[in-house]
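Okay, structure first, notes after.
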Amino acid sequence: MVAWTLVFHILGIVLWIGGLLMTTVLLSRHVQETAPEARAALTRIEKKSMRAMADPGALVTILAGITLIFTNKAYYLHAGWLHFKLLIVVALIILHGYIGIEMKGVQKGTSSLTSGKAWFLFATVLVVFLAILIVTLPGEVYLPH
C-alpha cells in the first residue's frame, strides 16, 4: 500500500511540475504572439496544460501525501523535514494559483505579464521543486522511520 501511494505521489508531482513549467513556457510565447489564430491555439494548449496536467497532478500529489502521512502518523507528524516540506508545498500551491490567474489574464487580454516575467515564473517553479526534493530526500535518508 505504502509503495503504491508513494508511486502516485511521485507521479502526481511530475504531472504538477511539468504542467506548471509547460504553462509558463506557453505564456512566454503567448504574450509575444500577435496573430489571433496562434494566440487562440496557445490558449487551448495552456488550458490543457493546466487542466489536464497541473491541476490533476496537484490533486494526486496532495491526496497521496496525506495518505502517506496517515500510514505512519507517529513518525511523519514529528519529522522536522516534513514540516518544512509542507511549507514549501504551500508556496507551490500559491504559485500554481498565481500562474492560473496570469494565464486567464493573458487569455482575456487583461494581464500585464511579460515574457521575462513568465520565464521568472518558470524559474521559480523549478526552484520550489528543487527545494522540495532537497528537503525530502535527506529527510527520508537520514531520518529513517
Open item on the list: Does any part of the side chain of I13, heavy atoms only, come nearer than 4.5 Å to the side chain of L92, both counted from C-beta?
Closed with: yes

- [ ] Quick one: closest heavy-atom pair of L113 and S111, and the distance?
- [x] N-OG, 3.0 Å

TODO: Show your working on side chain to side chain contact (heavy atoms under 4.5 Å, CB included) between I17 and V125 and close with a plain yes or no.
DONE: CA-CA 7 Å; I17 297 298; V125 170; 4.1 Å; yes

- [ ] Spell out, yes or no, whether I132 and V127 are grouped together once hydrophobic residues are joined by side-chain heavy atoms under 4.5 Å, including indirect joins.
- [x] no

TODO: Could you check Y76 against T71 for side chain to side chain contact (heavy atoms under 4.5 Å, CB included), going step by step and ending with a plain yes or no?
DONE: CA-CA 9 Å; Y76 283 115; T71 62; 4.2 Å; yes

Open item on the list: When you compare the side chain of T124 with that of L95, does any pair of heavy atoms fall below 4.5 Å?
Closed with: yes

Open item on the list: Working to the nearest 0.5 angstrom, can you tell me the gap between L126 CG and L21 CG?
Closed with: 5.0 Å

Open item on the list: Hydrophobic clustering (ILVMFWY, side-chain heavy atoms < 4.5 Å, transitive) - are I66 and V135 grouped together?
Closed with: yes

Open item on the list: Using every non-hydrogen atom in the two residues, find where W16 and A54 come nearest and quote the distance to one decimal.
Closed with: CD1-O, 3.5 Å

Task: Verify same cluster id: L11, I69 (apolar side-chain graph, 4.5 Å) - done: no

- [ ] Answer yes or no: is there a donor N or O on one side and an acceptor on the other, between the side chain of S49 and the main chain of I45, under 3.5 Å?
- [x] no

Task: From L20 atom CG to M103 atom CE, the distance as rounded to the nearest 0.5 Å - done: 10.5 Å

Task: H96 NE2 to I93 CD1 distance, which is reported to the nearest 0.5 Å - done: 9.5 Å

TODO: Heavy atoms only: give me the nearest P56-M53 pair and the separation to one decimal.
DONE: CD-O, 3.5 Å

Open item on the list: To the nearest 0.5 Å, what is the distance between CG on L27 and NZ on K117?
Closed with: 11.0 Å

Task: Approximate separation, where rounding is to 0.5 Å, of K85 NZ and L137 CG - done: 8.5 Å

TODO: Decide yes or no for T114 and V31: does some side-chain heavy atom of the first lie under 4.5 Å from some side-chain heavy atom of the second?
DONE: no

TODO: In sequence, state the C-alpha distance, the side-chain angles, and the governing distance for T67 and F8, and then conclude on side chain to side chain contact (heavy atoms under 4.5 Å, CB included).
DONE: CA-CA 10 Å; T67 303; F8 281 103; over 6 Å; no

Open item on the list: Ring-plane angle category for Y75 and W81, please: parallel below 30°, perpendicular beyond 60°, tilted otherwise.
Closed with: tilted

Open item on the list: Is there a path of hydrophobic side-chain contacts, each under 4.5 Å between heavy atoms, that joins I10 and L63?
Closed with: no

- [ ] Tell me whether V89 is reachable from M50 by hopping between hydrophobic residues (I, L, V, M, F, W, Y) whose side-chain heavy atoms are closer than 4.5 Å.
- [x] yes

TODO: Kindly give the heavy-atom pair with the smallest separation between T23 and E46, and that separation in Å.
DONE: OG1-O, 4.1 Å

- [ ] Compute the centroid of each ring, for F122 and then for W119, and state whether the two points are separated by less than 6.0 Å.
- [x] yes

Open item on the list: Check whether H83 reaches the backbone of L77 with its side chain - one donor and one acceptor, N or O, closer than 3.5 Å.
Closed with: yes

Open item on the list: Donor-acceptor check, side chain of R39 to backbone of H30, threshold 3.5 angstrom: yes or no?
Closed with: yes

Task: From CG (N72) to NE2 (H78), nearest 0.5 Å - done: 11.0 Å

